[in-house]
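Working notes, structure below.
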Amino acid sequence: MRERLDLAKGTRSLLQGRGPDLNTLETEGQMLQRVMPDLMGLKNIVVLNDEAHHCYRQKPKEDDGEEDLKGDEKDEAKKNNEAAKLWISGIETVKRKLGVRSVFDLSATPFFLRGSGYAEGTLFPWTVSDFSLMDAIECGIVKLPRVPVADNIPGGDTPKFRNLWETIGKKMPKKGRSQAGRHLDPLSLPAELQTALHALYGHYEKTFGLWHDAGIDVPPVFIVVCNNTSTSKLVYDFISGFQRENDDGTSTPEQGRLPLFRNHDEHGNRLPRPRTLLIDSEQLEKDDGLDKNFREMASDEIERFRREIVERTGDIRAAENIADQELLREVMNTVGKKDRLGESIRCVVSVSMLTEGWDANTVTHILGVRAFGTQLLCEQVVGRGLRRQSYDLNEDGLFNVEYADILGIPFDFAARPVVAPPAKPRETVRVFAVSPERDALVMTFPRVEGYRTELPNEKLTARFGPDSLLELTPDLAGPSITKNQGIIGEGVDLTVAHLNDMRRSTILFHLTRYLLYQKFRDPGDEPKLHLFGQLKAITRQWLEGGYLRCTGGTYPAQVIYQEIADIACERIKAAIESAPSREDRRIKAILDAYNPTGSSRFVNFTTSKETRWQTDPRKSHVNWIVCDGDWEAEFCRVAEAHPRVLAYVKNQNLGLEVPYLMKGMRKTYLPDFIVRIDDGRPEPLNLIVEIKGFRGEDAKEKANTLHTYWVPGVNNLEKFGRWATAEFTAVFEIEAEFDKLIEQFVTREAA
């Protein structure tokens, strides 16, 4: 129901006076008159409910057997339930006022949504006939969806690109377009997302060529389905190109990273007909015009489509008399149609889920960049790409097979309602500092929040070592080979092989520029351009010295992804910082202004982890060591048995954090142990110990930061004692390596 009078709060109070509340809400009859005036003279109406999976009564909460939803899934369930309630309430109003003889529900997905109170995927009890999407696929009346069934990343339960959001979700911007969100860099998209875009685009490029050679007048269409406006704008700019704002108020054009989808030519000029469209399904349904933020984001394409209307019709008023959302709706509805506004569209970046009401038959590729909490949503989004392009029969009287390749959407060909069994409770123990009995074993440490170091102006040199190596693997960059397969038909391998065409000099330039602008530049200052030549020479030394190793089908070009470029440049910077000519430089740690010192005194928590070590009261301030694996338990045994170990503690709920940069983002790393050692000097040595089985790129970055910045930075403060670091990577050698390490400390001090 809507308000008949739009009254301000003060006006309403004035008109009401001391009388009863003003009733300005429209009645049921007035609502029907507004919504369906043509039916007001009829009785006993027959209702045809299209997309009827949105029309049901929610199950009462107390009967809900599902576990509570959280975050975006909870918001989406609430929105779905409100829409379902509104829909069915409207039909009940029609029944009361006009009479309803019958209701026929029509839906491709006639089952309950998650959060409705019923098990997700349960068919509506009133379902008479269910010809499911799977039936349509098996009969060949729709395109055959191909989804990832394997990739070249071993050990995973499912291919990484089957549910891309699980990998990248926490790295993507939140809902809305805040001022901070407006300045996000489209080129800083997660490496896995960039690889997914390139992999699917590589196959699209081949499809585009085949269509062109076959004389098909319209291009195939590539859809990207995003979760919110912030994500969609970043993906849209990455794909189609954008203007980068400079500090001096000027702008520099950045070409889209997928050439066939660029909206600008090689000189940065806008193409008269956009190839990539940014759209919001919900905005198209609004009666009161486009949202201001979305109108700002889509202003460029809206104005270009207006000009095209004038060119097509020769009537300038034709463009002025159409609302923005009507214009975009017309473009969307004519995608893939010759001589219509949408004929040139090759890529659609959708803000909302693009679930229904859009039936372009030229869609060949779909990428999901959002959470897909339900199979209904998966089916709806995948369904946007399944309308066949041709219904002509072949010589055998059958349809020729047509494919739609899908990434990022966990579509299950055999989904069934699943109810999770309750989890068995586990035993818990309390872990705490034993005080005052063990106070002599208390461990204190600095709480570091950053590092301060001078930027060099003299000649630069670098000392590369084993930790300078960056191994570019599918684990880091995303699968380089993804096999897409349907339930029947031919499979296809999606690769990023086209990236191998990038020249070595281009890679060198991109890396050097990133190193100069991001790693050797004071905040707010101009870049030190006089260092470019030296940094370029050092970067070339890193590249040609074999410190970039591409395995698993990855390519050197992927090192310019900003996430990966940041890792590479951190390795190069660390090599410069540790060069012999830089050893006299003093790096200092910046401490937390409010809590500069941490202590084992405050350890107090409960845990249900079963792998734990009860400590020797002569060696540890804390009663239990909670182990992340058997290797850590072995180190506890070794540390307690060594006569030169004065005390040790596990860094769990202790508060020791090492800030470091990874993929351009500030992160914190929690080392495993602090060990206090008697190395023969009056003041004991504090040793930070890391137990590491597999040493990935993240582990190298942590070790580089700890060795190059944290330890020298804390030692240079000269008020937290002496610190060193060690890493053990082989469980059967921990005891021998620990003995050898302590012997080195003792021998060095004796000398």
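Values in this document were obtained by computation on a predicted structure and should not be read as measured data.
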Within the side chain of [X], is there an N or O that forms a donor-acceptor pair under 3.5 Å with the backbone of [Y]?
X	Y	answer
Q255	D265	yes
R387	G385	no
N484	V492	no
S232	N228	yes
S344	P274	yes
T482	D151	no
R270	H264	no
K143	V363	yes
T554	L472	yes
E343	V218	no

Heavy-atom side-chain contact between [X] and [Y] under 4.5 Å:
X	Y	value
P190	Y561	no
N400	D392	no
C226	S350	no
F208	R346	yes
F222	V348	no
I239	R257	no
P145	I137	yes
R370	M172	no

Gap between atom [atom2] of [Y] and atom [atom1] of [X] - 0.5 Å precision:
X	Y	atom1	atom2	answer
R273	I345	CZ	CD1	10.5 Å
S480	L494	OG	CG	11.5 Å
R384	N361	CZ	CG	12.5 Å
I223	I366	CD1	CD1	4.5 Å

With a 4.0 Å cut-off, would you call R244 and D185 a salt bridge? yes
Does a side-chain N-to-carboxylate-O contact under 4.0 Å join K171 and E192? yes
For [X], side chain to side chain contact (heavy atoms under 4.5 Å, CB included) partners two or more places apart:
X	result
I88	C55, R57, E92
A83	none
I560	M502, I507, H510

Non-hydrogen atoms of [X] and [Y] that approach each other most closely:
X	Y	result
D135	D130	OD2-O, 3.8 Å
N152	P479	OD1-CA, 3.6 Å
I153	G478	CD1-C, 4.4 Å
T362	P219	CB-O, 3.9 Å
A150	P159	N-CG, 3.4 Å
T127	P110	OG1-O, 4.0 Å

Would you confirm whether the ring centroid of [Y] sits within less than 6.0 angstrom of the ring centroid of [X]?
X	Y	answer
F372	F411	no
F242	Y236	no
Y391	F399	yes

Between L260 and R275, does the side-chain contact (heavy atoms from CB on, under 4.5 Å) criterion hold? Intermediate values first, please. CA-CA 8 Å; L260 289 176; R275 296 170 176 171; 5.6 Å; no
For side chain to side chain donor-acceptor pair (under 3.5 Å), just list the numbers for N49 and W87, CA-CA rounded to whole Å, side-chain angles, deciding distance to a tenth of an Å, and then say yes or no. CA-CA 10 Å; N49 261 344; W87 193 328; 3.0 Å; yes
For residues 210-217, which side-chain N or O atoms pair as donor and acceptor with protein atoms under 3.5 Å away, sequence neighbours left out?
none

Take V225 and I409 through the test side-chain contact (heavy atoms from CB on, under 4.5 Å) and record every step on the way to the result. CA-CA 10 Å; V225 183; I409 303 175; 5.6 Å; no
Restricting to side chain to side chain donor-acceptor pair (under 3.5 Å), what partner residues turn up for E138, sequence neighbours left out? none
Got more than 12 heavy atoms from elsewhere within 6.0 Å of CZ, R388? yes
Tell me whether Q243 at atom CD has more than 12 heavy atoms from other residues, nucleotides or ligands lying less than 6.0 Å away. yes
What orientation do H365 and Y204 show, parallel under 30°, tilted 30 to 60°, or perpendicular over 60°? perpendicular
What do the steps show when you test E402 against S390 for side-chain contact (heavy atoms from CB on, under 4.5 Å), and what is the final call? CA-CA 9 Å; E402 295 181 10; S390 171; 3.7 Å; yes
Side chain to side chain donor-acceptor pair (under 3.5 Å) partner of K233, chosen from D237, T229, T231: D237
R146 to Y403, cation-pi by 6.0 Å centre distance and 45° axis angle: yes
Non-neighbouring partners of F124 that pass ring-ring contact (aromatic ring centres under 6.0 Å, His included), sequence neighbours left out: F112, W126
L407 and L164: CA distance, side-chain angles, deciding distance, side-chain contact (heavy atoms from CB on, under 4.5 Å) verdict: CA-CA 8 Å; L407 292 186; L164 179 62; over 6 Å; no
